[in-house]
Amino acid sequence: MARYHFVTYLRFGAVPKRVWDGLIQVPEWPSWWKWLERVDVMDRGDADGLGAVFRQCIATPLFYKLTWQTEIVKRVDPTFIQLDSSGDLQGVGQFRLRDAEQGETELSFIWLVETGKRWMNLLAPVGRPVFNYAHDRLMTDFGVGLAAAIGTDLLAVENVTVEPGADGFYQLPDGD
């Protein structure tokens, strides 16, 4: 399987609680994230959402689709979510929110995944830049959609791909 390490940094013109409240409404994501076709709630988890499982189906800007399940395995309101992923995208992800200056919020999403589709794995040696582009486009539109859903401005977006062999490749940062 081909491994990918993506990091997306988003900055919103709203306090963390407001961003958090939009972020945790996963079943609502298809209403504002234009690429996400469907979210199925497989398990609601406990009263705090821990253990919740969602199946997601996304169309990409490059006309292929991915379906995967995520389970919320750690949650620290309103600053941190860790999830495990299986299906077409297998791995781990983390959302990290922090208070920024003047009532703004920085949200980072770290995504360490392996592709589960055979054709993607076969094309990875030459297709990696194209798959990276698709991810960056999807996550930029995630930020645009989330900002609109919570009624604020998206002030900045930065997408970073950590390449195989680079320091820190396929490693989560310490702490939460």
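D88 contributes a side-chain N or O that, together with a main-chain N or O of T67, makes up a donor-acceptor pair within less than 3.5 Å. Side chain of Q25 to main chain of G22: no donor-acceptor pair is present (N/O by atom type, distance under 3.5 Å, no hydrogens or angles). The backbone N or O of D48 sits less than 3.5 Å from a side-chain atom of R75, completing a donor-acceptor pair. Using a distance-only test at 3.5 Å, with no hydrogens or angles considered, a donor-acceptor pair links the side chain of T79 to the main chain of V76. Of the possible polar contacts, one joining the W29 side chain to the L23 backbone as a donor-acceptor pair under 3.5 Å is found. A donor-acceptor pair is defined here as one N or O able to donate and one able to accept, closer than 3.5 Å; such a pair exists between the side chain of D43 and the backbone of G45. Of the possible polar contacts, none joining the T60 side chain to the A134 backbone as a donor-acceptor pair under 3.5 Å is found. Formation of a donor-acceptor pair under 3.5 Å by the R18 side chain with backbone atoms of G151 is found in this model. Side chain of N121 to main chain of T115: a donor-acceptor pair is present (N/O by atom type, distance under 3.5 Å, no hydrogens or angles).
Contact check for N159 versus V7: no side-chain heavy atoms found under the 4.5 Å cut-off. Within the 4.5 Å cutoff, no side-chain heavy atoms of W111 are placed close to those of Q94. In this structure, the side chains of F12 and L155 stay at 4.5 Å or more apart for every pair of heavy atoms. Here the side chains of S86 and W68 are not in contact, with every heavy-atom distance at 4.5 Å or above. Inter-residue side-chain proximity for F6 and M139 is flagged as unmet; no heavy-atom pair is nearer than 4.5 Å. Residues R55 and R38 are in side-chain contact: their nearest non-hydrogen atoms beyond the backbone lie under 4.5 Å apart. Taking 4.5 Å as the limit, some side-chain heavy atom of L172 sits within range of a side-chain heavy atom of Q82. Contact annotation: the side chain of L107 never approaches that of T8 to less than 4.5 Å [non-hydrogen atoms, C-beta and beyond].
Across every non-hydrogen atom of R11 and A100, the tightest pair is NH2-CB, 3.3 Å. The shortest heavy-atom contact between Q171 and H5 is O-CE1, 3.4 Å. Between V41 and P27, the shortest heavy-atom distance links the atoms CG2-CG, 3.7 Å. When all heavy atoms of S108 and Y9 are compared, the closest pair comes out as CB-CD2, 3.9 Å. Of all heavy-atom pairs between L154 and T140, the closest is CD2-O, 4.4 Å. Shortest non-hydrogen contact noted between F109 and G93 is CE1-CA, 4.2 Å.
Once rounded to the nearest 0.5 Å, the distance linking SG of C57 with CG of L36 reads 8.0 Å. Interatomic distance, E163 CD to R3 CZ, rounded to the nearest 0.5 Å: 14.5 Å.
Side-chain heavy atoms closer than 4.5 Å link hydrophobic residues (I, L, V, M, F, W, Y) into clusters, and following such links, even through other members, never connects L66 to L112. I24 and F95 fall within a single hydrophobic cluster, where Ile, Leu, Val, Met, Phe, Trp and Tyr are joined by side-chain heavy atoms under 4.5 Å apart, directly or via other members. L83 and I110 fall into different hydrophobic clusters, where Ile, Leu, Val, Met, Phe, Trp and Tyr side chains are chained together by heavy-atom contacts under 4.5 Å. Placement of Y64 and L123 within a single hydrophobic cluster is found when ILVMFWY residues are connected by side-chain heavy-atom separations under 4.5 Å, directly or transitively. A chain of hydrophobic side-chain contacts below 4.5 Å, direct or via other Ile, Leu, Val, Met, Phe, Trp or Tyr residues, connects M120 to Y133.
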Checklist entry - For V130 and L62, what are the C-alpha separation, side-chain angles and deciding distance, and is it a side chain to side chain contact (heavy atoms under 4.5 Å, CB included)? => result CA-CA 8 Å; V130 175; L62 301 175; 3.0 Å; yes

Next on the checklist: Between L97 and W20, is the side chain to side chain contact (heavy atoms under 4.5 Å, CB included) condition met? List the steps.
Outcome noted: CA-CA 8 Å; L97 288 84; W20 177 264; 3.8 Å; yes

Checklist entry - So R96 and E106, salt bridge (Lys or Arg N to Asp or Glu O under 4.0 Å) or not? Walk me through it. => result CA-CA 8 Å; R96 295 168 175 259; E106 292 177 355; over 6 Å; no

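Taking the six-membered ring where the residue is Trp, the centroids of W32 and F142 are separated by under 6.0 Å.
If you check the side chains of D141 and W33, you find no donor sitting under 3.5 Å from an acceptor. Defined by atom type and a distance below 3.5 Å, a donor-acceptor pair is present between the side-chain atoms of Q56 and T70. Side chains of E114 and Q90: no donor on one and acceptor on the other come within 3.5 Å. In this model, no donor atom of one side chain and acceptor atom of the other lie less than 3.5 Å apart for D99 and T105.
Summarising the local packing, OH of Y170 is surrounded by more than 12 heavy atoms from other residues, nucleotides or ligands at distances under 6.0 Å.
Within the cation-pi definition used here (under 6.0 Å to the ring centroid, within 45° of the axis), R128 qualifies as a partner of Y4.
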